[in-house]
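Sequence lines set the chain letters: A, B, ... in the order given, protein chains first and strands last, and positions in each chain run from 1. Because the structure is a prediction, the values reported are computed rather than measured.
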Amino acid sequence: MATTDTNKFQSIISHCKEYGFVFPSSEIYDGLQAVYDYGQWGSELKKNIKDYWWRSMTQLQDNIVGIDAAIFMHPTTWKASGHVDGFNDPMIDNKDSKKRYRVDHLIESHTDQLKADGKEAEADAIISQMEKADAAGDLAALKQIIDDNKIKCGISGTANWTDIRQFNLMFSTEFGSTVSSEDENNKVYLRPETAQGIFVNFLNVQKTGRMKIPFGIAQIGKAFRNEIVARQFIFRMREFEQMEMQFFIKPGTQKEWYEYWKQARLKWHLELGVPQTEYRFHDHVKLAHYADAACDIEYNFPMGFKELEGIHSRTDFDLRNHQEYSKKKLQYFDNDIDPETGKPVGNYIPYVIETSIGLDRMFLSMICAAYTEEDLGTPEKPDSRVVLKFPAKLAPIKLAVFPLTKKDGLPEIAQEIMTAHRGDFKCFYEEKDTIGKRYRRMDALGVPFCITVDHQTKEDNTVTVRYRDTMQQERIHIDQIGDLVKKAIQ
RNA sequence: GCGGAAGUAGCUCACCUGGUAGAGCGGCAGCUUCCCAAGCUGCAGGUAGCGGGUUCGAGUCCCGUCUUCCGCUCCA
């Protein structure tokens, strides 16, 4: 990361705290690692992003509906999804090289070497030993295998290992008020992704909504991941929010729908006015266990291009597994006529294209794109401002209303304007300090429009509107204020 | 988890080799009536992250701990 970008990122983090966007969680108790709270303006911005996504992904779509599934799900959900077994890797550190290994990788690289040396039987014995210990969750036995075989670190060449630690992706808790935490049967997880809430409700929605393939189910909600290292402000948090849409399609059509959603989602981002150069696709080479194609939409954050949204072709992996574990058919009867047979296509488990965007990352990208330090200095007088150039529809506050002075009836007129518009969009009233100071304070919060009531207002009902980005002013009639703002935020 | 750096007012920072904490900005109350911050007056706000130790005395030295940042490591 370049120094200037590091500084910019630091400035953005400070700005977020100072102006009520994002606070460290539980700050009075020294904070909680990788957990953050959204403040008075951050929560408005976040809500506006959610609304923008929800509207474009449900209201403006013929065939996509939304749900709000619970965070707690039946524990078997996570067996079926692969999260219990797939992301429970025992890890070990070499104390000399400080290198961390997945234990299974470490042992396998040792047995690969044995095989290369022609010691097949010995290698197979170690592997079966490892698999047995792994299945039993016996970390001590795994460590014993490493010790017994004098497995060394490839970098330091030593066998100076830490104890084996289990890294669990999912947070768990106990269900019921009187259960013992020892009882595995009562263990429930906090969902690590919202998608499974959609999959388990696939038939409910399809049947009650009389949905026909292709159709989608959208959801916004919290998810929880016990990241090994969670850092970089709100980019990687342990508690975060996802905006996901699972699009159910006929098997065999996944390629075209994958392309469709790739383009549709990029377009959604670009419509917010951030230059295209700030976004790029990153195709996954190594695919997750459930995908047959996957890519990220990356945003050019101050710390570089990083994943903002993922578009995955998930095949029928999830529905097929849920069908297997639940022993309930999760199939769709397709009434469309197959041109080859002249008969309905019939039953199948749909394929799925997933679009999954991190709400908190979207929030961060919008802050980063909006954050601007401007030098307004002249030879006579140095001057600068910090302005958040949010798209008006996302701005936490849409309109600020100022009386030019605190007397002569100006505050009363300004309050009337407040009353007229606060029901339609978020307004902010301010009568303290010089008008210039008030404008600049609103710039720091990203308020797109400021209205100033002056003495002329009393004569002809006109006010000054001042635009955030250009700092230009113009006189408009009081009756035009509502339309001006609504047009910008529609 | 490892290594490095840091933690003093809401923010940015100062207090040099230990002697009971200071500035600017910001905030609040006024003045000014002024359409783009940094005019004037006054006020509020800190048990120096927390805990322990050394010392007559610790923000300052030592240890521990928590948090943050940078670099590794992991990232479905």
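- At the heavy-atom level, D454(A) lies under 4.0 Å from base atoms of the strands shown.
- Look at the P atom in both C61(B) and C15(B): the space between them is 12 Å, to the nearest Å.
- Closest to the Q10(A) side chain, of the nucleotides C69(B), A76(B), C35(B), is C69(B).
- In terms of polar N and O atoms assigned as donor or acceptor, the side chain of R466(A) comes within less than 3.5 Å of the base of C36(B) in a complementary pairing.
- Atom name P, nucleotides A44(B) and G1(B): the rounded distance is 44 Å, in whole Å.
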Applying ring pair (Phe, Tyr, Trp, His ring centres under 6.0 Å) to Y371(A) and H15(A), what does each step give before you reach the verdict?
CA-CA 9 Å; Y371(A) 183 88; H15(A) 193 90; 5.4 Å; yes

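- In the set A37(B), A76(B), C35(B), the nucleotide with an atom closest to the side chain of R440(A) is A37(B).
- Ion pairing of E374(A) with K389(A) is present here, as a side-chain N (NZ or NE/NH1/NH2) and a carboxylate O approach within less than 4.0 Å.
- Taking a pair as Watson-Crick or G-U wobble with both distances under 3.5 Å, the runs of three or more consecutive pairs in RNA chain B are B:1-7 with B:66-72, B:10-13 with B:22-25, B:27-31 with B:39-43, B:49-53 with B:61-65.
- The gap from the C1' atom of C16(B) to that of C31(B) amounts to 41 Å, rounded to the nearest Å.
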Write down the protein N/O and nucleotide N/O pairs, taken from nucleotides 9-11 of chain B, whose separation is under 3.5 Å; answer none if there are no such pairs.
unit_1	atom_1	unit_2	atom_2	d
C11(B)	OP1	K17(A)	NZ	2.8

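- The separation between K437(A) atom NZ and C35(B) atom P is 16 Å, rounded to whole Å.
- At least one test fails for R468(A) against the ring of F449(A): distance under 6.0 Å to the centre or angle within 45° of the axis.
- One P atom belongs to G4(B), the other to G22(B), and the distance between them is 35 Å to the nearest Å.
- F247(A) pairs in a ring-ring contact (aromatic ring centres under 6.0 Å, His included) with only one of the listed residues (Y258(A), W257(A), Y351(A)), which is W257(A).
- Between I12(A) atom CD1 and C69(B) atom C1' the separation is 15 Å, expressed in whole Å.
- Nucleotides G7(B) and C13(B) are separated by 13 Å at their C1' atoms, to the nearest Å.
- Nearest-nucleotide mapping onto RNA chain B: of D433(A) and M471(A), the residue sitting toward the 5' end is D433(A).
- In this structure, L319(A) and F248(A) have side chains that are in contact, with non-hydrogen atoms separated by less than 4.5 Å.
- Remark: the separation of the P atoms in C75(B) and A6(B) is 32 Å, to the nearest Å.
- Rounded to an integer number of Å, the gap from OH of Y467(A) to P of C35(B) is 19 Å.
- Cation-pi check for R265(A) over W268(A) is met; the charged atom lies under 6.0 angstrom from the ring centroid and within 45 degrees of its normal.
- Ring geometry, Y439(A) versus F402(A): the interplanar angle falls from 30° to 60°, so the pair is classed tilted.
- Atom name P, nucleotides A21(B) and A48(B): the rounded distance is 9 Å, in whole Å.
- Toward the 5′ end of RNA chain B lies the nearest nucleotide of V35(A), the other residue of the pair H312(A) and V35(A) mapping further downstream.
- Only the P atoms considered, A29(B) is 45 Å distant from C62(B), to the nearest whole Å.
- Set against C28(B), A37(B), A76(B), the side chain of D383(A) has A37(B) as its closest nucleotide.
- Atom-to-atom, CD of E244(A) to C1' of A76(B) comes out at 13 Å; the value is rounded to the nearest Å.
- A cation-pi geometry, defined here as NZ or CZ lying under 6.0 Å from the six-membered ring centre and within 45° of its normal, does not hold between R191(A) and F224(A).
- Rounded to an integer number of Å, the gap from CG of D318(A) to C1' of A76(B) is 12 Å.
- Distance Y36(A) OH to U67(B) P: 12 Å, rounded to the nearest Å.
- At a cut-off of 3.5 angstrom, counting only N and O atoms as typed in the model, there is a donor on one side and an acceptor on the other between the side-chain of R236(A) and the base of C75(B).
- Partner of F363(A) under the ring-ring contact (aromatic ring centres under 6.0 Å, His included) criterion, chosen from Y38(A), F240(A), W53(A): Y38(A).
- Contacts of I435(A) with the nucleic acid, taken as non-hydrogen atoms under 4.0 Å apart, involve only primed sugar atoms and P, OP1 or OP2.
- Taking the six-membered ring where the residue is Trp, H83(A) and W78(A) present perpendicular rings, their angle passing 60° and hence far from 30°.
- K407(A) comes within 4.0 angstrom of a base, heavy atoms only.
- Rounding to whole angstrom units, CD of residue E430(A) and C1' of C36(B) are separated by 14 Å.
- Atoms CD (Q196(A)) and P (A76(B)) sit 17 Å apart, rounded to a whole Å.
- Cation-pi geometry between R361(A) and Y299(A) is not met at under 6.0 angstrom from the ring centre and within 45 degrees of the axis.
- Within the nucleic acid shown, F233(A) comes within 4.0 Å of sugar-phosphate atoms alone, with no base atom in reach, counting heavy atoms only.
- In the set C35(B), A29(B), G26(B), the nucleotide with an atom closest to the side chain of K432(A) is A29(B).
- A side-chain hydrogen bond (donor to acceptor under 3.5 Å, both in side chains) with D433(A) is found for one member of R440(A), R438(A), R441(A) and no other, namely R441(A).
- Among the protein residues, R438(A) comes within range of no part of the nucleic acid, since none of its heavy atoms lies under 4.0 Å from any strand.
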